[in-house]
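Below is one structure, written out as C-alpha cells; the observations come after it.
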Amino acid sequence: MVVILLGPPGVGKGTQAVRLADSEGWAHVSTGDLLRSALREGTTLGEQARGFMNAGELVPDALIMDLVREHLAALGPEVGILFDGFPRTTAQAGGLDAVLAESGRKVDTVVLFEASDDELVKRLSGRRSCPECGAVYNVFFTPPENEGKCDRCGAALQHREDDAPGTVERRLQVYQEQTAPLVAYYQAHPAGVVRVPAEQSVDAVHGEFRAAVGVG
Ligand code: AMP
C-alpha cells in the first residue's frame, strides 16, 4: 500500500502518518525529516538544502528525487509506505510514479488534509518536533507527557526554525502556488483524492484517515 498525505504545513500530516505507521508497521517517509537529518549530519545534501528550507522555499526537485529514490531502495518491496510532505510539485509526482513503476508499485491512495490558514498559523506556532523519530506535538493542543521530551523516544523536542511567523507565511504561499496543483494532478490519476477535514480532534481526524486508507 502506497499512500500520499497531502495538505498544507501544520495541517497534521506528520502526526497522522506517525500514528498509522506505528499501528500498521508501515514506513513513514517524510522528506522534511530526511532533509533535517541531512542538515544535522552536515552532508552535502544538507548544505545544498539549508538556504531553501530556512527561507520557506522548496528544495529543488532533482535533489528531492535523488533523496527519495535512495530511501526507497532501502525499503523492502512489500512494506506499506506513507509519504508525508512529498510529492510537493507536479514534477515530483511524475517522478514518484516513475520510481514506483520500476518496482511494480503505484500510488494507491491520496489523502488531502484541509484546514484554514488561521488554524495552520496557530498550530505551527505551538508545534514541537522530535528530531530523532519525527513525532510531532503541540504545546497547546497535544503536549508530550514530559515537557520538552519525546514520548516515543525521549529525545529533546525542537521548535523548528522554519515555524517562525515570517517563514510560515511564505510556506503557506509556496503551498498554494506549487503544491496545491497536485490536487488536480491526483484527481486525474487512478489513485484519486480523499478529503479529510483536519480542524477536528487528532482522534477524529485519525478515524477518517484510516477509513480513507481502508484500514478502518
Ligand atoms: P516539512 O517538514 O515537510 O514541512 O518540510 C520542511 C522544508 O523542507 C520545506 O519547507 C522545504 O524547504 C523542504 N522540503 C521538504 N519536503 C520537500 C519536497 N518534497 N520538495 C521540496 N522541498 C521540500
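Order of listing sets the numbers, starting from 1, for every ligand and every atom in it. Worth knowing before you read on, the calculation uses all heavy atoms, side chains too, and leaves out hydrogens, waters and symmetry mates.
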Should Q92 be counted as touching ligand 1, given the test is an N or O pair under 3.5 Å? yes

Quick check: V59 and ligand 1, any N/O pair under 3.5 Å apart? yes

Steps toward side chain to side chain donor-acceptor pair (under 3.5 Å) verdict (Q16, R19): CA-CA 5 Å; Q16 296 296 335; R19 207 160 147 176; 5.6 Å; no

Between H206 and F209, how do the two ring planes meet: parallel, tilted or perpendicular, split at 30° and 60°? perpendicular

Might you confirm whether atom CD of E102 has over 12 heavy atoms from other residues, nucleotides or ligands at distances under 6.0 Å? yes

re atom 10 (O) of ligand 1, the protein heavy-atom contact at minimum distance is R171 NE, 3.9 Å

Hey, looking at atom 1 (P) of ligand 1, which of R88, M65, M53 has the closest heavy atom? R88

I need the contact type for L58 against ligand 1. Using non-hydrogen atoms and a strict under-4.0 Å cut-off, is it side chain, backbone, both or neither? both

Relative to ligand 1, is E57 under 4.0 angstrom through side chain, backbone, both or neither, heavy atoms considered? backbone

Report yes if the side chains of E132 and C153 come closer than 4.5 Å at any heavy-atom pair, otherwise no. yes

Purely on distance, is any nitrogen or oxygen of G85 under 3.5 Å from one on ligand 1? yes

Please check if any side-chain donor atom of D97 sits under 3.5 Å from a side-chain acceptor atom of Y185, or the reverse. yes

Please determine whether a side-chain nitrogen of the Lys or Arg among E199 and K122 lies less than 4.0 Å from a carboxylate oxygen of the Asp or Glu. no

Can you tell which of L39, L34, L35, I64 gets a heavy atom nearest to atom 13 (C) of ligand 1? L35

Applying a 4.0 Å heavy-atom criterion (strictly less than), which segment of D162 is in contact with ligand 1: side chain, backbone, both, or neither? side chain

Looking only at distances, please establish whether an N/O atom of ligand 1 is found under 3.5 Å from an N/O atom of R127. no

Classify the side-chain pair T167/D162 by whether it contains a donor and acceptor separated by less than 3.5 Å. no

Any atom of ligand 1 sitting under 4.0 Å from a heavy atom of K13? no

List the closest protein heavy-atom neighbour of atom 16 (N) of ligand 1: residue, atom name, distance to the nearest 0.1 Å. T31 OG1, 2.7 Å

In terms of residue, atom name and distance, what is the protein heavy atom nearest to atom 6 (C) of ligand 1? R160 NH2, 3.4 Å

Is it true that H28 and D33 share a donor-acceptor pair across their side chains at a distance under 3.5 Å? no

Would you please say whether a donor-acceptor pair under 3.5 Å links the side chains of R36 and S129? no

